[in-house]
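Since the structure is predicted, the reported quantities are computational estimates derived from the model, not experimental observations. As a basis for the values below, the full set of heavy atoms in this structure was taken, side chains included, without hydrogen atoms, waters or symmetry mates.
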Amino acid sequence: MDLFRRFSCILFLSTLFIQGRDCGTVQTSATITATNGSSVDLTCEYTLGQFDSVYSGLIVWEAKKSGTSDYENIATFSPPGLGGNFFTTTESAMNIKDRAELLNVTSIGSDTYLAVMRVLEVQCLDEKEYRCSVTFTSTNTGPQTKTAVTSLTVQAPAERPYDIPVAEPSNIEENMKINLSCTANVGKPPGKIKWWRYRDQVNAPLLMEESTEVPVVQPGVCVYNVTFSIQPVVTIDDDQSVWRCSVDNELLTGSLDQNKPNQETARINVFYKVRAPQITKTPNTLNSQYSVGSSVNLTCEAKGNPSPSTHIDKNINKYVWTFKANPGDNATELSSNNGVLSLNNLQETDTGTYTCTAFNGFNGKTFNSSKHQELQIVKTTTTSAPTTTPFVSTTGQTGNPGTESREEETPGGLSGGAIAGIVIGVIAILVLIVVAVLCLICRNRQSKGDSIDEPPEKPIRNNQDLSFVNRPDIVNNDKSSPFYSQEKKHNTDLHYSDLTFDDKPRSRKPIQIYDLNGLNNSPYSSEVMMPSV
């Protein structure tokens, strides 16, 4: 009896356990994020219990209806080998069926299966909650339905601005505030609009401003339009600049911010009044002095927009050259070609002040600015350093003073420096001539002192045999002589002596007299007189 009671109790408890046993399980990802236009899989994973089974059509993907807590069927699945998969006819199903496909249920082992609905092209309206529902049937407990919910979030990149921005107003002047406006879809999550400035001769753009507006995000909405305007003050440096509006959000990566979806203005034309001209001389001589008969070109250039050299409205935008010989004279307008003044065959009367005035105008206003150039025409090429003094010129109608260098020249012909140079040159030439004459005189005296005058009767070589002894007597031996008979009668033959001279230079002194016949008392030798030296 006790044994029967114990067996009955165990059987009752076992029945209670079986009836209260939990059936199979269902699970999905809690959240799924997809990008607008991409594909995404909604995956439902279910596992059968020990005594469970699932019948055809009892695996269902559902979508939450907008504004309610209710769900409606999108598609039904069948376990492997038990049938096909089908979209329903609900509104949610109709919105997605053309962009989605239902994959066959597959087993991944251990009584676990996957039911996948693949959305091939995600749209923002697909952003909602989805629920996977599986009905398990047990022989002991009957059917039981288990569910799992996933939330699909759809993101969208920012898009290129809708329109090309245009700067306002159309006639922009320097130091004027302009308006630039840009409208674009900043995407989801919402991004920012940025304004960039590109200037000529500057490689990198400058970020001017970026939007701070953050739209409120709403389910199923991917387009968030933002309008962002700026009012910069433009300067002369902004002439011909370009302003770019770019859009960015966290989905746009891989490029610089300024190169992300953008639109940019045409080049902005900034009008500005003419600046002080610059004058170039060709040829460029020292101290702006030119010789009589020479030529020179004076080229005038000035910055301005419109430029004085433009072909638009030449009555306003132009260069004008004038000349004054003296400060008190009236200015004479000269003929020039677009700022180039050609002066040929210069004369002394062309000495004076040449003035270039540049003109421009815009928006009903005109402006001008001047620059002066002094020229001196001289008969000589000798130049002297001029004295530079400040010269004040009034430029434009605004009356702003401009300071420039003006060269002062000596009036009435040659300058004092030129005259002094000529005098110094003449003195230097005279000194050179005197020095040359003195050097020539000294050279001649030295040449005479070094020469040796030898006596004409002095033999060149003292040791040469110059003896005249025993030579025939020319007088006594000449038979044709009328005195021959008388001389022979008295035997009056002439006797000769030899002289030996001193070897010292410039000496004429004989140092010895030789009577080679030993006739020491010869009348001829006794009468020889030694010259006084």
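Here Leu102 contributes atom CG and Phe86 contributes atom CZ; the two are 9.5 Å apart, rounded to the nearest 0.5 Å. Atoms CD and CZ, from Glu62 and Arg131 in turn, are 4.5 Å apart once rounded to the nearest 0.5 Å. Distance check, rounded to the nearest 0.5 Å: CG of Asn337 to CH2 of Trp321 gives 13.0 Å. Residue Ile268 holds its CD1 atom at 14.0 Å from OH of Tyr198, rounded to the nearest 0.5 Å. Note that the CG atom of Leu152 and the CD1 atom of Ile32 stand 6.5 Å from one another [nearest 0.5 Å]. To the nearest 0.5 angstrom, Asn368 atom CG is 6.5 Å from Thr357 atom OG1.
Taking all atoms of both residues into account, the shortest heavy-atom contact from Glu159 to Ala184 is O-CB, 4.0 Å. Across every non-hydrogen atom of Val226 and Ile193, the tightest pair is O-CD1, 3.2 Å. Closest non-hydrogen pair, Glu374 versus Ser288, comes out as O-CB, 3.2 Å. Val60 and Asn73 make their closest contact through CG1-OD1, 3.4 Å (heavy atoms, listed as atom of the first residue, atom of the second, distance). Among all heavy-atom pairs drawn from Pro261 and Ala158, the shortest one is CG-O, 4.1 Å. Shown here for Glu333 and Thr322, the closest heavy-atom pair between the two residues is CA-CG2, 4.0 Å.
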Stepwise side chain to side chain donor-acceptor pair (under 3.5 Å) check, Ser229 with Ser181: CA-CA 4 Å; Ser229 300; Ser181 184; 2.9 Å; yes

Test side chain to side chain contact (heavy atoms under 4.5 Å, CB included) applied to Asp313 and Ile316, step by step: CA-CA 6 Å; Asp313 200 351; Ile316 297 177; 3.1 Å; yes

Audit row: Leu341, Leu334, side chain to side chain contact (heavy atoms under 4.5 Å, CB included) steps and yes/no: CA-CA 8 Å; Leu341 177 64; Leu334 305 176; 3.8 Å; yes

Mind running side chain to side chain contact (heavy atoms under 4.5 Å, CB included) on Trp196 and Leu206 for me, showing each step along the way? CA-CA 5 Å; Trp196 307 82; Leu206 177 65; over 6 Å; no

Between Lys260 and Val247, is the side chain to side chain contact (heavy atoms under 4.5 Å, CB included) condition met? List the steps. CA-CA 6 Å; Lys260 291 174 180 178; Val247 188; over 6 Å; no

Working note: Lys273 + Glu174, criterion salt bridge (charged side-chain N to carboxylate O under 4.0 Å, His left out); need CA distance, chi angles, decisive distance, verdict. CA-CA 9 Å; Lys273 65 182 180 181; Glu174 63 176 327; over 6 Å; no

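Taking the side chain as every heavy atom from C-beta outward, Pro189 and Glu250 approach each other to under 4.5 Å. Contact of the Glu127 side chain with the Thr153 side chain is registered, since non-hydrogen atoms from C-beta on lie closer than 4.5 Å. A heavy-atom distance below 4.5 Å is not found between the side chains of Cys356 and Leu298. With a 4.5 Å cut-off on side-chain heavy atoms, Pro190 and Val217 count as touching. With a 4.5 Å cut-off on side-chain heavy atoms, Tyr162 and Asn225 count as touching. Val166 places none of its side-chain heavy atoms less than 4.5 Å from the side chain of Leu180. The side-chain heavy atoms of Leu343 and Leu346, taken from C-beta on, include a pair separated by under 4.5 Å.
Checking Asn269 against Gln240 by side-chain atom types alone, a donor-acceptor pair falls below 3.5 Å. Thr227 and Thr183 are linked by a side-chain donor-acceptor pair at a separation below 3.5 angstrom, with hydrogens and angles left out of the test. When only modelled atom types and interatomic distance are considered, Asn262 and Ser246 share no side-chain donor-acceptor pair under 3.5 Å. A donor-acceptor pair shorter than 3.5 Å can be found between the side chains of Asn85 and Asn104. Residues Glu301 and Gln278 bring no donor and acceptor atom of their side chains to less than 3.5 Å of each other. In summary, the side chains of Tyr290 and Asp350 do not present any donor paired with an acceptor at a separation below 3.5 Å, with no hydrogens or angles considered. Judged purely by distance below 3.5 Å, without hydrogens or angles, the side chains of His372 and Thr355 pair a donor atom with an acceptor atom. Judged by distance alone, the side chains of Asn175 and Glu173 never bring a donor and an acceptor atom under 3.5 Å apart.
Here the side chain of Gln155 pairs no donor or acceptor atom with the backbone of Lys188 at under 3.5 angstrom. For the pair Asn317 (side chain) and Lys314 (backbone), a donor-acceptor distance under 3.5 Å is absent. In this structure, Glu72 contributes its side chain and Ser92 its backbone to a donor-acceptor pair below 3.5 Å. Of the possible polar contacts, none joining the Asp329 side chain to the Lys324 backbone as a donor-acceptor pair under 3.5 Å is found. Side chain of Ser307 to backbone of Ser309: a donor-acceptor contact under 3.5 angstrom is found. No donor-acceptor pair closer than 3.5 Å links the side chain of Thr150 to the backbone N or O of Tyr130. Of the possible donor and acceptor atoms, none in the side chain of Asn297 sits under 3.5 Å from a partner among the backbone N and O of Thr282. Proximity of a side-chain donor or acceptor of Glu264 to a complementary backbone N or O of Arg244 within less than 3.5 Å is not detected. No donor-acceptor pair closer than 3.5 Å links the side chain of Ser255 to the backbone N or O of Asn259. Between the side chain of Tyr224 and the backbone N or O of Val221 there is at least one donor-acceptor pair closer than 3.5 Å.
Residues satisfying the side-chain hydrogen bond (donor to acceptor under 3.5 Å, both in side chains) criterion with Trp243, sequence neighbours excluded, are Ser241. For Tyr319, the side-chain hydrogen bond (donor to acceptor under 3.5 Å, both in side chains) test picks out no residue, with sequence neighbours left out.
Heavy atoms of other residues, nucleotides or ligands lying less than 6.0 angstrom from NZ of Lys97 number 12 at most. When the shell of 6.0 Å around CD1 of Ile312 is examined, it contains 12 or fewer heavy atoms from other residues, nucleotides or ligands. Open room surrounds NZ on Lys303; 12 or fewer heavy atoms of other groups in view lie less than 6.0 Å from it. Within 6.0 Å of CD in Glu213 there are more than 12 heavy atoms belonging to other residues, nucleotides or ligands. Shown here is Asn363, whose CG atom has more than 12 heavy atoms of other residues, nucleotides or ligands within 6.0 Å.
When each of Leu42, Ile96, Asn95 is tested with Ile74 by the rule side-chain contact (heavy atoms from CB on, under 4.5 Å), just one qualifies, namely Ile96. Only one option out of Tyr272, Phe359, Phe362 pairs with Phe367 in a side-chain contact (heavy atoms from CB on, under 4.5 Å); it is Phe362.
For residues 190-212, the salt bridge (charged side-chain N to carboxylate O under 4.0 Å, His left out) pairs, not counting sequence neighbours, are Lys192-Glu210, Lys194-Asp257, Arg197-Asp238, Arg199-Asp238, Asp200-Arg267.
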